[in-house]
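Structure record follows, encoded as C-alpha cells.
So that the names make sense, note that chain A is the first sequence line, chain B the second, and so on, each numbered from 1.
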2 protein chains.
Amino acid sequence: MSGFGPDAPFLADCPARMAVELIADKWTVVVLYGLSQGPVRHGELAALIGGISRKMLTRTLRRLEAHGLVRRHAYAEVPPRVEYELTPLGATLIDPIHMLTEWARQNGDAVLDALDAAPGSATAGD
Amino acid sequence: MSGFGPDAPFLADCPARMAVELIADKWTVVVLYGLSQGPVRHGELAALIGGISRKMLTRTLRRLEAHGLVRRHAYAEVPPRVEYELTPLGATLIDPIHMLTEWARQNGDAVLDALDAAPGSATAGD
DNA sequence: CAGTATCCGCCCTGATACTG
DNA sequence: CAGTATCAGGGCGGATACTG
C-alpha cells in the first residue's frame, strides 16, 4: 500500500480499490472460479454454479470480458454454442481467489461459531 | 474445492460462498485493511479510508464484529473513545486480502487498458 | 467523538417471457 | 442453447439531523 494520510486516504486512488470493486458483488468470484478449470459453456457454467440466473451470469461474464479477464468464443453452429474461458490476465486472479476460498475452508466454522455466539442469534446461521 | 457436479454445485454449500458473501460489498475489505496495522479509532478509520459515511462504517464494523473478525473497545472516557482492532481470526484474513491488493497493483493497468479497448468506452475509466 | 434514526434514491438481483 | 427485455422488489449506500 502506498499513501496512508488523511489527504490521500489509503486505497482511495489505489488500484486495490479497483480490485475490490471488480469482485465485490454476488457472483464475480464464483464465476471466475467456475472458469478456473478451463473453457466452459454458458449452460454448463450456470449448472455448475447453481442458483445463478442466466441474466446475472451473462452480465457478470460481459463485465469480466470488458475487464479483460474472460474471453468469449461463439461458434457458428446450430444449436448455438458459446464457450467462456479465462484470459491469461484472468487466470492470474485465480490465485488470490484461491487464497480466499482456502481461508474459508479453514476458518469458516470459526466465523459461524462467532455468528452463533453473537447477540441476537437463535442458533441462526447467516 | 470439493464437489463439482450438477447435483452439488461447487461453492453451493461450500464455505467459500460464505467468504465471498462476507466480503462482497463496497467497504468490508477496505475496512479490514484499515485495521490491519493495529487498533484504530472510529474517526481515524473514517478519515483513513476516505469517502465512507459513518453509517456504513459502523454497519460494516458491527457486521465484522458479529462474524468474529473485529473487536470493539469502548473506553469510559469523555469525550468517548472507541477503538477497533482485528481479532486473531480477523487477522488471518489479511493475507488473502493482501494477495488481492497485490494483484491489483500488478495488473490494475492491464484491466484499465482492457476497459479502455472495450466497445463503448470513450477513454473512460471505470 | 461515537453512534443512531430517518428518509430516499439507485442499482443489484431475480422471475418471467420472448427472440435467433 | 444463448441471450435479451421487461417488470418488480429489496437492500445497499448516502445525506442529514439528532442523542449521549
Next on the checklist: Could you identify the nucleotide paired to D/dG20, looking across every strand shown and requiring Watson-Crick or G-U wobble geometry with both distances under 3.5 Å?
Outcome noted: C/dC1

Checklist entry - Atom CD of A/Glu77 to atom P of D/dG3: distance rounded to whole Å? => result 13 Å

Item to check | Candidate nucleotides C/dG14, C/dG3, D/dG13, ranked by approach to the side chain of B/Met56 - the nearest | outcome: D/dG13

Next on the checklist: By the definition side chain to side chain contact (heavy atoms under 4.5 Å, CB included), identify the one residue from A/Leu86, A/Ile23, A/Leu22 that meets it with A/Leu69.
Outcome noted: A/Leu22

Item to check | Rounded interatomic separation in angstrom, taking CZ from A/Arg81 and C1' from D/dA2 | outcome: 13 Å

Item to check | B/Lys26 NZ - C/dC11 P separation (whole Å) | outcome: 11 Å

Checklist outcome for this item: Testing C/dT4, C/dG20, C/dT13 for proximity to the side chain of A/Pro80, the answer is C/dG20

Checklist entry - Considering only heavy atoms from C-beta outward, does the side chain of B/Leu61 approach that of B/His42 to under 4.5 Å? => result yes

Next on the checklist: Within the 4.5 Å heavy-atom criterion, are B/Tyr84 and B/Arg71 side-chain neighbours or not?
Outcome noted: no

Checklist outcome for this item: Note: for A/Leu61 and B/Trp27 on DNA chain D, the residue whose nearest nucleotide lies more 5' is A/Leu61

Checklist entry - Does B/Met99 reach the side chain of A/Ile97, with side-chain heavy atoms less than 4.5 Å apart? => result no

Checklist entry - Atom CD1 of A/Ile52 to atom C1' of D/dA2: distance rounded to whole Å? => result 14 Å

Checklist entry - Quick one: A/Leu57 CG to D/dT4 P, roughly how many Å, whole number? => result 11 Å

Next on the checklist: Without decimals, in angstroms, what is the distance between B/Arg62 CZ and C/dA2 P?
Outcome noted: 12 Å

Next on the checklist: Rounded to whole Å, please give me the gap between NE2 in A/His73 and C1' in D/dC1.
Outcome noted: 18 Å

Checklist entry - Looking only at side-chain N and O atoms, does A/Lys55 come under 4.0 Å of OP1 or OP2 in C/dC12? => result no

Checklist entry - Does a side-chain N or O from B/Arg41 land closer than 4.0 Å to OP1 or OP2 of C/dA2, or not? => result yes

Checklist entry - Any side-chain heavy atom of B/Glu83 sitting closer than 4.5 Å to one from B/Val40? => result no

Checklist entry - For the pair made of OH in B/Tyr75 and P in D/dG20, what is the distance, rounded to whole Å? => result 25 Å

Next on the checklist: Under 4.0 Å, counting only non-hydrogen atoms across every strand here, what does B/Tyr84 touch: a base, just sugar-phosphate, or nothing?
Outcome noted: sugar-phosphate

Checklist entry - Is any side-chain nitrogen or oxygen of A/Arg59 closer than 4.0 Å to OP1 or OP2 of C/dT13? => result no

Checklist entry - Phosphate oxygens OP1/OP2 of D/dC1: is one of them under 4.0 Å from a side-chain N or O of A/Arg54? => result no

